[in-house]
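I have placed the structure first, in the form of structure tokens, so that the comments after it can refer back to it.
Throughout, protein chains are lettered first and strands after them, A, B, ... in sequence-line order, and every chain is numbered starting at 1.
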There are 2 protein chains.
Amino acid sequence: MRRLPADEGSQAAGRVADVRRRNLSLVLDRIAARDPLAPAPSRALIAAETGLTKASVSSLVADLLAAGLLTEVGLSRDGERGRPGVGLALNDGLGVLGLEINVDYLAAGVVDLTGRVRIQVVEERINSGRGPEEVLRDLSDLSARVLSRAGQDGLRVLAAGLAVPGLVDAESAVVLDAPNLGWSRTPLDLAPLMPPGGRGATVALSNEANSAALAELWYGHGPTLRAYLFISGEVGVGGGLVFNGELFLGPGGHAGEVGHVVVTEEGSMCSCGGRGCLETVAGQEAVFAAAGTAGSTPAEKMERLLTALGGGDPAAEAAVARAGHYLGIAAASSARLVDISAVVLGGYFSRLGPWLLPALRASLATHAPRLLDTADVVLSELPQTAALMGAAGSCIRDVLANPQELMEQPPGAASAGA
Amino acid sequence: MRRLPADEGSQAAGRVADVRRRNLSLVLDRIAARDPLAPAPSRALIAAETGLTKASVSSLVADLLAAGLLTEVGLSRDGERGRPGVGLALNDGLGVLGLEINVDYLAAGVVDLTGRVRIQVVEERINSGRGPEEVLRDLSDLSARVLSRAGQDGLRVLAAGLAVPGLVDAESAVVLDAPNLGWSRTPLDLAPLMPPGGRGATVALSNEANSAALAELWYGHGPTLRAYLFISGEVGVGGGLVFNGELFLGPGGHAGEVGHVVVTEEGSMCSCGGRGCLETVAGQEAVFAAAGTAGSTPAEKMERLLTALGGGDPAAEAAVARAGHYLGIAAASSARLVDISAVVLGGYFSRLGPWLLPALRASLATHAPRLLDTADVVLSELPQTAALMGAAGSCIRDVLANPQELMEQPPGAASAGA
DNA sequence: CCATATAGTTCAGAACGAAAACTAATTACC
DNA sequence: GGTAATTAGTTTTCGTTCTGAACTATATGG
């Protein structure tokens, strides 16, 4: 019986040092997970929460302070007796660069370790049909502007992430298929986008819907949901599956493509070559066509559709309800296959909520009756640049999960790029 | 922003001893993953494969030998120069009990640590409609017979697993919903089924399709597949998702319910209360009805259907092709949502292969055109009791993953149950 | 001022894997 | 047959990490 190579090396030998890495990350997580309004946790509190001894936490915190990841923020007085604890917080002088290429805009921003978007620039620009070199040049300019402002604000930028509207291979930084940009099997030269002095070798490439799903996890409804399917309505219909606080990418990295779930047997041809995909009945083009919405750009059509809906236009209402119906079918199937307990609608779906949700809920009730007892359908409340926030957030999680990489070189030493 | 309780304690503090547990398990895995025909690996080989030092492997193996999990099996001569290594193998005097309750039979068996089914008894008996006490009593008798034979064969039985055709809550040993048995929210008293002297507190309860999917992983096509959806055709249609050598249960433990993926908008009512579920068009009843197959039991109908198919009966062929068509739609949707690269058909589907596969492949080609380039549709070759093997296999994996539990008490000491 | 309570540090101890030196067992070659 | 070469496995020493207990530090309450 032949076995796959992946079978062999899947597990690495455990070393004593791994325990340190895990516990460093554990301490950081306890501090990062804290509600910003709550008082900053002390060493003693972290010890009690994690099960580590006070001695261990002191040692771990000392390392993290030395690495510059944490800062001590005064005494935490709770009015109790005894020595007050010293509050610990993530160093908000550290941040990561988030980048986004979308069909009709480019965006760059810096998010600090606490998750606050400190700097953000969006540039409207139709990118569909433009070549990757051209687009990356523009993005690089935007990035340079943002990084310059970050320097002025005293922010050290550690890593960078880029979200694009298409399937990607993150390892090799290749856009496998981005029909709405017209890119296919397009390798991206991301090295020039890497902020100087950043740790790690390159910019993390991700799918836009996946990143938006993660933004929802960290900055949106995520903390109240255990498992959800994020459905992103842009020109195409993308998605992301989040389970237990983690994005589920699947073995090949392409999970969550809910836009190509089959929802109707006799559907029209999809850009993926299939038939009956959700995208063919709930994508922007399909809805605009069904509603009879005219306009020169997607944004313009969207405004007109909203106007028509506001005015009670029956064709518009029917078109959106039809999209909701099929979204419900896709959600029902997804819930059964992967056991999600919520659906979050993002992108243009979130603006259509009042007209979309009734049909979606009715459809769910028909096709997965008991699901609505425990599951929820909610609208995303994140801004347009959710994908940027998610791409940055991934980098932040990465830093917090591997703090030792920052500890090897003293925080003052700026690396000299080759 | 409210956070879920699960958010808090999800990570446990790392301890130095965890490294030991992980490495013990790593060594066991290297030995267990070995092809039974290949020579038994030596300490030195394991060291080279795992990246551990020879000293560490020696120490780990010494513990595992002392715990009775491993045995030394003579010298491994490869004709090379140098001192020959001592072959290491799993102790085949240790086994686990696998149990299965199905609609028309009960089964019990003992599988040893190497994965060989050493003892197995199947008792045909229609269980639908019978109460759980009655069924468990019969199963207990069967189990006692099997355990007695195991004792005669010198097999020590460490743990037990039970597969049932329905949704389960494994933690609380409750069958949430097993429509084909007529059980709903039925707690099972599994303590009496636990083999005396076994480690662990109770019998692991699992879903039959999930367990069959795991049996496929360990004893069927699994080793050659990276990620697959197992679709089990019994009275109902069940399923299991396997990624990277692990069953994906989803956050609530109910993932893989492919039988209730929506494949047709205007389908008939399903037992789950929904409409258009795969089960309503590819379940046994639907296919028998469409084919016009008569008979008093499902097994009898199945034989007649196969006879009709063998004779070229157009109604039978059309009925099975129709099932294949909808299986293809479900597979296409699943592939997009969770990025599987193969579909394995089990249960009664595997016997219908020649008539099912062409329609299934055609349907996949229509709805997910590029998928067949990289993905595969294969038939399970496992016996009827695949779920039993999978339930036992889970227990074996559990033992191999936590060998320290066996090391605390010397192998001779039989525990006295309360 | 002193008892009490809580926060945080220091230090010895145990568990573990890494590295290197060592012993053991076999083959190749003269 | 004897010796060098080669590979397997063990022993010893060391560094890392967490734990637990003792200790210091800093607050409140009378």
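- Among residues two or more places apart in sequence or in another chain, the ring pair (Phe, Tyr, Trp, His ring centres under 6.0 Å) test is passed with Y228(B) by none.
- Partners of T53(B) by side-chain hydrogen bond (donor to acceptor under 3.5 Å, both in side chains), not counting sequence neighbours, listed by chain and number: S56(B).
- The CZ-P distance, from R22(A) to dC16(C), rounds to 16 Å in whole Å.
- Take E246(A) and apply the side-chain hydrogen bond (donor to acceptor under 3.5 Å, both in side chains) test, not counting sequence neighbours, and it matches no residue.
- With distances taken from any side-chain atom of A17(A) to the nucleotides dT17(D), dG17(C), dA5(D), the minimum falls on dT17(D).
- No hydrogens or angles were tested; on distance alone, nothing pairs the side chain of R83(A) with the base of dA27(D) as donor and acceptor under 3.5 Å.
- Straight-line distance from the CZ atom of R81(A) to the C1' atom of dG29(D): 6 Å, rounded to whole Å.
- Contact check, R20(B) against dG17(C): a side-chain N or O comes under 4.0 Å of OP1 or OP2.
- Of the listed nucleotides (dA18(C), dT26(C), dG8(C)), dG8(C) has the atom at the smallest distance from the side chain of A44(A).
- Evaluation of the side-chain hydrogen bond (donor to acceptor under 3.5 Å, both in side chains) rule for R20(B) yields S59(B), D63(B) as partners, not counting sequence neighbours.
- Residues of residues 50-65 of chain A having a heavy atom closer than 4.0 Å to DNA chain C, listed by number: K54(A), A55(A), S58(A).
- Within the helix from dC1(C)-dG30(D) to dC30(C)-dG1(D), the inter-axis angle between the opening and closing five-pair segments is 10°, rounded to 10°.
- For the side-chain hydrogen bond (donor to acceptor under 3.5 Å, both in side chains) test, residues two or more places apart in sequence or in another chain that qualify with R118(B) are D112(B).
- Residue pairs satisfying the side chain to side chain donor-acceptor pair (under 3.5 Å) criterion with at least one member in residues 389-400 of chain B, sequence neighbours excluded, are listed as follows: R199(B)-D398(B).
- For the OP1/OP2 pair of dC18(D) and a distance below 4.0 Å, the side-chain nitrogens and oxygens of N23(A) include at least one atom meeting the criterion.
- For V86(B), whose side chain is taken as the heavy atoms from C-beta onward, the closest listed nucleotide among dG9(D), dT26(D), dT17(D) is dG9(D).
- The nearest heavy atom of DNA chain D to G82(A) and to V16(A) marks one nucleotide each, and the one closer to the 5' end goes with V16(A).
- Under the salt bridge (Lys or Arg N to Asp or Glu O under 4.0 Å) criterion, R83(A) pairs with no residue at all, not counting sequence neighbours.
- Proximity of R43(B) to the phosphate of dT10(D): a side-chain N or O atom is located under 4.0 Å from OP1 or OP2.
- E49(B) has a carboxylate O that lies under 4.0 Å from a charged side-chain N of R34(B), or vice versa, which qualifies the two as a salt bridge.
- Remark: C1' of dC16(C) and CG of D18(B) are 11 Å apart, rounded to the nearest angstrom.
- Here V19(B) lies in heavy-atom contact (under 4.0 Å) with sugar-phosphate atoms only.
- If you measure from atom CZ of R21(B) to atom P of dG17(C), you get 12 Å, rounded to the nearest angstrom.
- Judged by distance alone, with hydrogens and angles left aside, the side-chain atoms of R15(B) form no donor-acceptor pair with the main-chain N or O of L52(A) at under 3.5 Å.
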